[in-house]
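Below is one structure, written out as structure tokens, with a few remarks after it.
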Amino acid sequence: MNSFKDLEELQEQETPGLPLGIKSNVQGQITGMRTMGEIVEVYLSKFFSIVSAVFGGELDGDKNTHLITLFLPVKPEELEKSIFLKNLTNVFTLSKSPTLLVAIAVKDGTEISLKMPAKDATRIKANANKALLTNLNLELR
């Protein structure tokens, strides 16, 4: 006789069967959690934006700013800032001219930090616009 087989049969007899509907219960819970996650993702972010606006924040997407650092192989003394910003605005068709925060001399040129609206920063960082950066002799850092 196989004692392990007897032990297994004895254990099966002593243990009641699993309750029916476990799979449907788990699927129902997962669906409920997924729905709650989507509600949080869609509405809770809007709620925090509104609360931020109540306490003095901005809701306008143009006012959300990003910092971008560009490298220009020109010495800072040779950089004509107003012409550079005007060219950058025209070439990338930016919504408004970026604000030049700092121009730092580095080994081979100048690193320029710019502050601009988020949608303009996205336009400059887009892969499709890498050729425009190259034409302007700029490198995204």
Side-chain angles (χ1 to χ4, degrees), residues 1-76 78-141:
M1 287 201 200
N2 189 347
S3 62
F4 288 111
K5 191 163 194 136
D6 293 335
L7 182 62
E8 184 180 10
E9 288 175 5
L10 179 65
Q11 193 173 18
E12 284 178 5
Q13 291 173 359
E14 290 177 358
T15 324
L18 295 174
L20 298 175
I22 288 181
K23 182 178 179 182
S24 64
N25 286 343
V26 170
Q27 285 177 336
Q29 289 176 351
I30 290 173
T31 304
M33 285 188 253
R34 185 177 297 133
T35 304
M36 288 302 296
E38 290 171 358
I39 289 171
V40 166
E41 183 179 353
V42 172
Y43 296 108
L44 201 58
S45 62
K46 295 290 183 189
F47 172 76
F48 286 126
S49 296
I50 291 170
V51 169
S52 173
V54 167
F55 290 107
E58 298 290 339
L59 283 176
D60 189 6
D62 289 341
K63 306 244 174 153
N64 293 334
T65 56
H66 282 258
L67 298 177
I68 287 186
T69 302
L70 298 172
F71 173 77
L72 185 63
V74 173
K75 294 180 182 177
E78 299 171 5
L79 177 66
E80 295 182 33
K81 296 173 186 173
S82 61
I83 294 173
F84 168 75
L85 293 175
K86 186 176 181 179
N87 285 341
L88 191 68
T89 304
N90 291 336
V91 169
F92 287 98
T93 59
L94 303 178
S95 61
K96 64 181 190 177
S97 183
T99 305
L100 187 119
L101 297 177
V102 67
I104 301 172
V106 293
K107 183 179 179 182
D108 300 330
T110 307
E111 277 194 2
I112 302 165
S113 292
L114 301 169
K115 180 179 172 184
M116 63 184 62
K119 64 181 180 180
D120 291 343
T122 303
R123 187 172 289 145
I124 289 177
K125 291 179 180 180
N127 284 333
N129 292 330
K130 298 271 184 192
L132 293 175
L133 284 170
T134 305
N135 290 343
L136 288 174
N137 212 11
L138 293 171
E139 180 183 322
L140 191 61
R141 295 260 168 122

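Here the CG-CG distance, from Leu94 to Leu114, works out to 9.5 Å after rounding to the nearest 0.5 Å. Taking CD from Glu80 and CG from Asn87, the interatomic distance works out to 10.0 Å, rounded to the nearest 0.5 Å.
A heavy-atom distance below 4.5 Å is not found between the side chains of Ile104 and Thr110. Within the 4.5 Å cutoff, no side-chain heavy atoms of Glu111 are placed close to those of Leu70. With contacts defined as side-chain heavy-atom distances shorter than 4.5 Å, the pair Leu132/Phe92 qualifies.
In terms of heavy atoms, Pro98 sits closest to Met116 at CB-CE, 3.6 Å. Smallest separation of non-hydrogen atoms from Phe71 and Val106: CE1-CG2, 3.5 Å. Considering all non-hydrogen atoms of both residues, Pro117 and Lys96 come closest at CG-CE, 3.8 Å.
Every residue two or more places apart in sequence or in another chain that forms a side chain to side chain contact (heavy atoms under 4.5 Å, CB included) with Thr31 is listed here: Thr35. Under the side chain to side chain contact (heavy atoms under 4.5 Å, CB included) criterion, Lys86 pairs with Asn90, sequence neighbours left out. For the side chain to side chain contact (heavy atoms under 4.5 Å, CB included) test, residues two or more places apart in sequence or in another chain that qualify with Leu101 are Leu67, Thr99, Ser113, Lys115. For Ser97, the side chain to side chain contact (heavy atoms under 4.5 Å, CB included) partners two or more places apart in sequence, or in a different chain, are Leu85, Thr89.
The closest donor-acceptor contact from the side chain of Thr69 to the backbone of Ile112 lies at 3.5 Å or more, if one exists at all. Remark: the backbone N or O of Pro73 is not paired with any side-chain donor or acceptor of Asp108 at under 3.5 angstrom.
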